[in-house]
Amino acid sequence: MEGRMTHHSNNTTIINSTSCIYTSKSLFPISPTAKSPLSRPSISFKRPSFTFLTRLPSEFGGSPLVRMEDPFTASLSSVSPRKNLTTCNHLRHVESMAHLPSGADRITRLNALILGDALASEEDDLIFPSEVFSSQAHVSSSQKYLEMYQRSVHDPSGFWSDIASEFYWREKWGQQVYCENFDVRKGKIKIEWFKGGMTNICYNCLDRNIESGKGDKTAIYWEGNEPGLDSSMTYNQLLARVCQLANYLKDVGVHKGDAVVIYLPMLMELPIAMLACARIGAIHSVVFAGFSAESLAQRIIDCRPKVVITCNAVRRGSKIIYLKEIVDSALLESAQKGIVTDVCLTYENESAMKKEMTKWTKGRDIWWQDVILKYPVTCDVEWVDAEDPLFLLYTSGSTGKPKGVLHTTGGYMVYTATTFKYAFDYKPTDIYWCTADCGWITGHSYVTYGPLLNGATVVVFEGAPNYPDVGRCWDIVDKYKVSIFYTAPTLSWSSGSANNKHSLALYKSLSPIEHVSRYSRKSLRVLGSVGEPINPSAWRWFFNVIGDARCPISDTWWQTETGGFMITPLPGAWPQKPGSATLPFFGVQLIEPFTEDDVKQVMFKIDNTKSPGPDGYGSGFFKEAWGIVGGDITTAVLEFFQTGHLLKQPVIVDEKGVEIEGECSGYLCVKSSWPGAFRTLHGDHERYETTYFSTFPGYYFSGDGCSRDKDGYYWLTGRVDDVINVSGHRIGTAEVESALVSHPQCAEAAVVGVEHEVKGQGIYAFVTIVEGVPYSDDLRKSLVMVVRNQIGAFAAPDKIHWAPGLPKTRSGKIMRRILRKIASRQLDELGDTSTLADPTVVDQLIALADC
């Protein structure tokens, strides 16, 4: 992610909620439309008091503490009452901008605005929650967050036990709440939470909510591909449908621990199928209904399902995708390799294709509508241990073979429900829409399980966001009065750039966009971003245009493997910085927390010449220096340290695995387990340990790069391994390379990711063709088509770069670092090429860059 921050040591500037600029040298209240700083509007507004601090003494990594008053508020105290908004934990980066996160631009002054008061400009660094929003939020202040966070890392057993107790458990877990080993040097990697506890996630999603009086509440609004095609289902109705399918699955021989593959588009039947599997203890494996037959076959072969659930076809926009034919091919391929699936349950999606047009295999294929409705609407629950498997979800790997990420029941249930509640500040009256497909982890955690565990009303959308026009999303928002909208930044970017050759200029101009502004969107309360880092310009566009500068953005960082959010803003708790995921969620040990004793030791060291106060140390000094009036000095200092400079640092490590302190960039790791963590890779625990825990022993290695600024805010910089994130789809370079090399005229291929203004990352393929075959556009198209057919359209290379040879070391290793620089046209950063077996290859590749 990119950041926009600044440092002006002698002329610190802040913009308040009414665009009032003041500095330590001069004071110029400016109206938003004023052209001269001397045009002073009448003073009739209310604004918060800003009291902020510079850094700690140099021996602790900073300059002496200085209290900076807000001269404007002080002079207006008789006109406008002071609001109780403490900002000392958030404005300290006024002098911390010597080193900016990658891609960050300097701005001339530090600006801040209050949510709902003004549009965020390219010069706004901080977006504060409004007093009204904070007062109603689940986490209403940084103080509240710190109290909860400190308990979550000091007492994880107590913290998560209290939350888990809000759900239904047939039997409670044992005395040991969790058990972990993150260090391969100490034995097998192991993560367990609530082991021995017996529960069922379907029961907690549906039955528990019905028993609490939510049976007639709408659980799902379904919006079809075509406008006007819609449906809805209450919690009572959803439970009945889930039970019917669960009874059928049991009847055809699906038992606890058996796998069921689900290859469905975003019909209501998709979450129904997931919940039905969970109800009977079966393990569901949802495969995105866009993967090719070959990719689907790989997953079928790996998990050996008893049943495959699909539909005959789906319309996405104006295009029809014949899903049943893809499944037929996948089942044929898997059968040829010894894995035979006896049942293919097929839903007739009438809007896309009629029954009579569907190819059929008698004895194996069953129409959903012919059998499911005949089954009872009640089904006994299969109570499972918290550590029993819930689902498999395959994600791309750097070896070419997809990884079957395994999540278990209890910890995942507690973690997804909790992250949903707090990251979106969910209220029972909210209408929630996540645009993700259930074929990805976002659809599991934040379309199905997280929202339904909270008794939420969810919008499920079958179609494409730009069909029949690019205003479709906002039409849906208005139609259902959506209040929480969670999407990928590429979708919102596309909304601002569709059919416009100068999309970037349009996007950054922040001018009104007809296909967004013609819709009200007044119901929106909270926005969310997922899938890839959102850059500050995209963040501001999302904030200003979609949210009308009144909706906080939960810019979340997490992974398929983490199960739920790991770093995320909590709306109402602290200021946001455009482009930053901000701070870790509860229990996420990116921060090694300070204890009260640590605080006292530091305070003693700083204040060793002062006489101890009544609390045993120099509280008078700190209260005077830091502007603390009343209250517990230890709590105030602990809050300051915990969010800022004297952290026992978040775990960003260098390439040798050494933790880096202070403002830095490096590899993002996690120090200890959390309830939603995945437990293994299906059938390959050794690969699990090697991929995630061996690179930096003692840590979970996320595979992502990260920058941390001097406020402790995190800025994700993207993948550091050979997995490319295309519009939220993680694609292994090895998978794409394997597909390319399967082409009869391709001798070798190497794939890297490059920055893409719409998709986040694009796929850039260097291809060496068979000797004697000429370069041609037809061959280029043929290579792209091979990838589309074998993996899916989303994995198609954006660029085929002809390569007479690839830059390799003498041992035969491809130097992808050099390929990335060539692909990104960063030719002055190629570095030393003398170690290559044939350094002249680099010049040849550069010469062919535009061919």
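No hydrogens, no waters, no symmetry mates; every other heavy atom, side chains included, goes into these values. Residue numbers start at 1 and run along the sequence shown.
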Q. In terms of side-chain heavy atoms, does Thr562 have a donor or acceptor partner in Tyr415 at a distance below 3.5 Å?
A. no

Q. In chain order, what residues pass the side-chain contact (heavy atoms from CB on, under 4.5 Å) check against Ile283, with sequence neighbours excluded?
A. Pro389, Leu392

Q. Is it true that Asp798 and Lys759 have a side-chain N and a carboxylate O under 4.0 angstrom from each other?
A. yes

Q: Could you pull out all residues at least two apart from Asp342 that satisfy salt bridge (charged side-chain N to carboxylate O under 4.0 Å, His left out)?
A: none

(Q) For Lys355, I'd like to know if atom NZ has over 12 heavy atoms of other residues, nucleotides or ligands within 6.0 Å. (A) yes

Q | With sequence neighbours excluded, residues passing salt bridge (charged side-chain N to carboxylate O under 4.0 Å, His left out) with Lys256 | A | Asp388

Q) With Arg364, which residues qualify under side-chain hydrogen bond (donor to acceptor under 3.5 Å, both in side chains), at least two apart? A) Asp328, Thr361

Q: Check salt bridge (charged side-chain N to carboxylate O under 4.0 Å, His left out) between Asp437 and all other residues, then give those that pass, not counting sequence neighbours.
A: none

Q: Would you kindly say whether Tyr221 and Asp230 are connected by a side-chain donor-acceptor distance under 3.5 Å?
A: no

Q: Kindly write out the residues that satisfy side-chain contact (heavy atoms from CB on, under 4.5 Å) with Ser231, not counting sequence neighbours, or none if the list is empty.
A: Trp222, Met268

Q. For residues 308-323, which residue pairs qualify under side chain to side chain donor-acceptor pair (under 3.5 Å), counting only residues two or more places apart or in two chains?
A. Asn312-Thr358

Q.
Check this for me: does any side-chain nitrogen of one of Arg472 and Glu223 sit under 4.0 Å from a carboxylate oxygen of the other?
A. yes

**Q.** Residues forming a side-chain contact (heavy atoms from CB on, under 4.5 Å) with Glu192, sequence neighbours excluded
**A.** Cys179, Lys190, Lys195, Glu387

Q) What's the shortest heavy-atom distance between Val405 and Thr395, and which atoms? A) CG2-CG2, 3.7 Å

Q.
Whether the Glu226 and Ser351 side chains hold a donor-acceptor pair (N or O, under 3.5 Å, no angle test) is what I'd like checked.
A. no

**Q.** Partners meeting side-chain hydrogen bond (donor to acceptor under 3.5 Å, both in side chains) with Trp558 (sequence neighbours left out)
**A.** Tyr486

(Q) Under the rule for side-chain hydrogen bond (donor to acceptor under 3.5 Å, both in side chains), what residues qualify as partners of Asn236, not counting sequence neighbours? (A) Asp216

Q) By side-chain hydrogen bond (donor to acceptor under 3.5 Å, both in side chains), which residues pair with Asp385, not counting sequence neighbours? A) none

Q) Among all residues two or more places apart in sequence or in another chain, which pass the side-chain contact (heavy atoms from CB on, under 4.5 Å) test with Thr341? A) Ile300, Pro305, Val308, Leu331

